[in-house]
Every structure is written in C-alpha cells, then in structure tokens.
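Remember, predicted model here, so these are calculated numbers, not experimental data. Numbers restart at 1 for each chain; the letters A, B, ... are given by sequence-line order, proteins then strands.
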Amino acid sequence: MSAPSAAATLPFTGEFDLELTLTCGQVFHWRREGDAWLGAIGGAPCRVEQHGRELTVRGIAPGKAAHYFALDHPLDEIYASFPRDPAMAAALDACRGLRIVRQPWWECIATFITSAQKSVIHIAQISHMLRERYGARIECDFGTLHAYPEPAVIAALDERDLRACALGYRARHLLATARAVASGTFDLAEVAKLDDAAAHAALLRLAGVGPKVAHCALLFGFGRLTSFPIDVWIERILRTLYFAGKRRVTAKRLREFGAGYFGPFGGYAQQYLFHHARTTWPRGGRPALRPRRASRSAAPGAKAA
DNA sequence: CTCCAGGTTCCGG
DNA sequence: CCGGAACATGGA
C-alpha cells in the first residue's frame, strides 16, 4: 500500500540548512541518498531535499515535516538573542540555518540514553541497528525505512538482545527506562506539561538519564530551547573560551554560566558552539593555536536569504 | 596498543 | 557538594 507520494514544497522564512540540521549531532538516523535525505519522522516516511530556498518533501504531510524541522523557529530573533562575543560569533557564522528539530519524545530520550560516552557515528550505528531489528518497517515508494522501536517492544526484550546492538552497559539503562515508560509508571506526556526545571527533575528519575541527557531530551525532544546540555565538548569550550586562565572552575559554576549567559535560546547557542568546535577542533580538543581562516567564505551566504 | 567518545551511577570524604 | 572509579565498545 505504498502509493507514489506527491512532492510538496515547504515554505520557510529566514534561513535553513537541511544538511547541517541533520548532521550536527542532534539526531542520528537520517541517511543521504544523492541530493536527498531519507528518514522516519516518528512512524512516517520522509524524503527531503533542499536546493537553496527550495525545500521539497515526500511521504509525509507537509505540515508534519514543517513542524519536525521547526521551520517556525524565529531564527532572526534567536540569533539576535545570542551574546556578542568572538566564540559565539564564529559559531553562528559557521552554523547559520541549523535548526533544532522537534524529535518524538521517546526516541529522543532513548537515543540519548544510548549516547553516553559514544561518538556521534557510533550513536548512529546503534540507532540504525535498533531500528532495523526492532522498529516498525515503513515501506514507501522511495525505499524501506524503520521507525524507532516503541517502548513496549524494547521493554519485552532481554538485556542481551540490546547488548547485541553494541549498547554495552547502556543496555540496562535503556531496558529499565523502556519498561518504566511502557508500563505507564513514567508518563512522558506529563513531563511535557511541566515547566523546564520540573521537567528536568522528572526526567532524572529515568535510568540512564542524568543532567546532560535530560537537557538533550528537553532541547531536542520537548522543544525547551533554553536547555543547555553540558557534555565534554561544551565543557572544553566553556573552560577554554569563556574561562580562559581561570583555575578550579567548578561544574556548578559552568552550569550556572551556561544557563544564564547564553540567554533564552541557550540551547541553540549550545548546539552552534558544539557543532562548530566538534568540526573544527582536533579530536581530544583544543582550538587550533592559529585558527584556520575560512578559506572560502562564499558558500554560507549563497544559500542564505 | 593507547586514547577517546554528546555520561550515569555509586561510593567515600 | 565534590572527586574518583566502574561501566562496554569501536574508531582513530
């Protein structure tokens, strides 16, 4: 029952960079096929393609795609809210058009539980393996996709099944959280009703969800754009660029700084800083002493409005 | 081989 | 509240 899907054009105001949005480390299952990107949005298939300001989607209702890609986020206002400092300016310059998408709650939480101490590419491998083995198959005219496995499906598995997906010690956490959600002991819809602080506190009750993963879930799943996840990269960035020379900067201090300095859209600022550093700093992490000047500065402006 | 990866949990000061 | 150790696995 896969009728050829019609292509729809998604209008958007401001800037949008599809590739950046899908490869910046907020979501891990999209795959490139030629000029297009294929991925499931919840249980719906999506094929999306961008050529400049022309954004076309197939397989899913245009409105749902627009919501997922957060084409309504006011990027101009968001950028204007960023602090004006050299590090932020460089990150913004490198990441214009990156949007924080609205991931389904469960798959966002589950994915970030599996992300602990894993590289971005490995997180993607785990996500694909879980989807292919246990997720619902989605047949469509541009191929076969896989939804993220429902809580009840994972809840019914054995821990060894999950370890076979390269989850390591995270298997126990994902299993326990899946069971809590599947049984109704933990209600994600209730979390969505809470304010940021209460929602964060509630998520901490889930196995494998600590402060960082809870912030990722709030930012990438629940649309709480102020959430400021602090991972190893952000910690390096803050210590190196914002607390240079200061010794014994406590984790608490970094949290407070991150939650305040970057403003009401701190989550956006965080993602821009994260992606910029991760793609320009050497692995293991310090900025190049002589930051390589952007050799070609023409590209970013070309597709921008 | 060693080091590191979008951390969390548990345990002693 | 803070610092350390254990926890799995694969890529660079």
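Within the nucleic acid shown, A:R236 comes within 4.0 Å of sugar-phosphate atoms alone, with no base atom in reach, counting heavy atoms only. At a threshold of 4.0 angstrom between heavy atoms, the contacts of A:I234 include nucleobase atoms, whether or not backbone atoms are also involved. Nucleic acid contact class of A:L206 (heavy atoms, under 4.0 Å, all strands): sugar-phosphate only. As judged by a 4.0 angstrom heavy-atom cut-off over every strand, A:E235 is placed among residues making no nucleic acid contact.
Distance A:R278 CZ to C:dA12 P: 13 Å, rounded to the nearest Å. Whole-Å rounding puts the A:L204 CG to B:dT9 P distance at 8 Å. Atom CH2 in A:W233 sits about 11 Å away from atom P in B:dC4, given to the nearest Å. Taking atom CD1 on A:I126 and atom P on B:dG7, their separation rounds to 12 Å, with Å as the unit. Put simply, CZ on A:R172 is 18 Å from P on B:dG7, counting in whole angstrom units. The nearest whole Å value for the distance from the NE2 atom in A:H215 to the C1' atom in B:dT8 is 15 Å. For the pair A:L162 CG and C:dA8 C1', the computed distance is 14 Å after rounding to whole Å. Counting to the nearest Å, the P atom of C:dC2 and the CG atom of A:L254 are 11 Å from each other.
Of the two residues near DNA chain C, A:R163 and A:Q125, the one whose nearest nucleotide lies more 5' is A:R163. Mapped onto DNA chain B by nearest heavy atom, A:G208 and A:K212 fall at different nucleotides, with A:K212 at the one closer to the 5' end.
With C:dG10, C:dG11, B:dG7 as the choices, the nucleotide that has an atom nearest any side-chain atom of A:H122 turns out to be C:dG10. Closest to the side chain of A:Y169, from the set C:dC2, B:dA5, C:dA8, is C:dA8. Minimum atom distance to the side chain of A:R283 is reached by C:dG11, of the listed B:dT9, C:dG11, C:dA8. Minimum atom distance to the side chain of A:S119 is reached by B:dA5, of the listed B:dG7, B:dA5, C:dT9.
Using cut-offs of 30° and 60° for the angle between ring planes, the A:F82 and A:Y272 rings count as perpendicular. Between A:F257 and A:Y242, the ring-plane angle classifies as tilted under the 30° and 60° cut-offs. Note on ring orientation: taking the six-membered ring where Trp is involved, the planes of A:F112 and A:F220 are parallel (angle under 30°, cut-offs 30° and 60°). Between A:W105 and A:F222, the ring-plane angle classifies as parallel under the 30° and 60° cut-offs.
Following chains of ILVMFWY side-chain contacts shorter than 4.5 Å, one can reach A:F243 starting from A:V232, so the two form part of one hydrophobic cluster.
Side chains of A:T144 and A:E139: a donor-acceptor N/O pair is present below 3.5 angstrom, by distance only.
Between B:dA5 and A:Q117, no contact under 4.0 Å exists linking OP1 or OP2 to a side-chain N or O. Between A:R170 and B:dT9, a side-chain N or O to OP1/OP2 separation shorter than 4.0 Å is absent.
Taking atom P on both nucleotides, B:dC11 is separated from C:dA8 by 15 Å, rounded to a whole Å.
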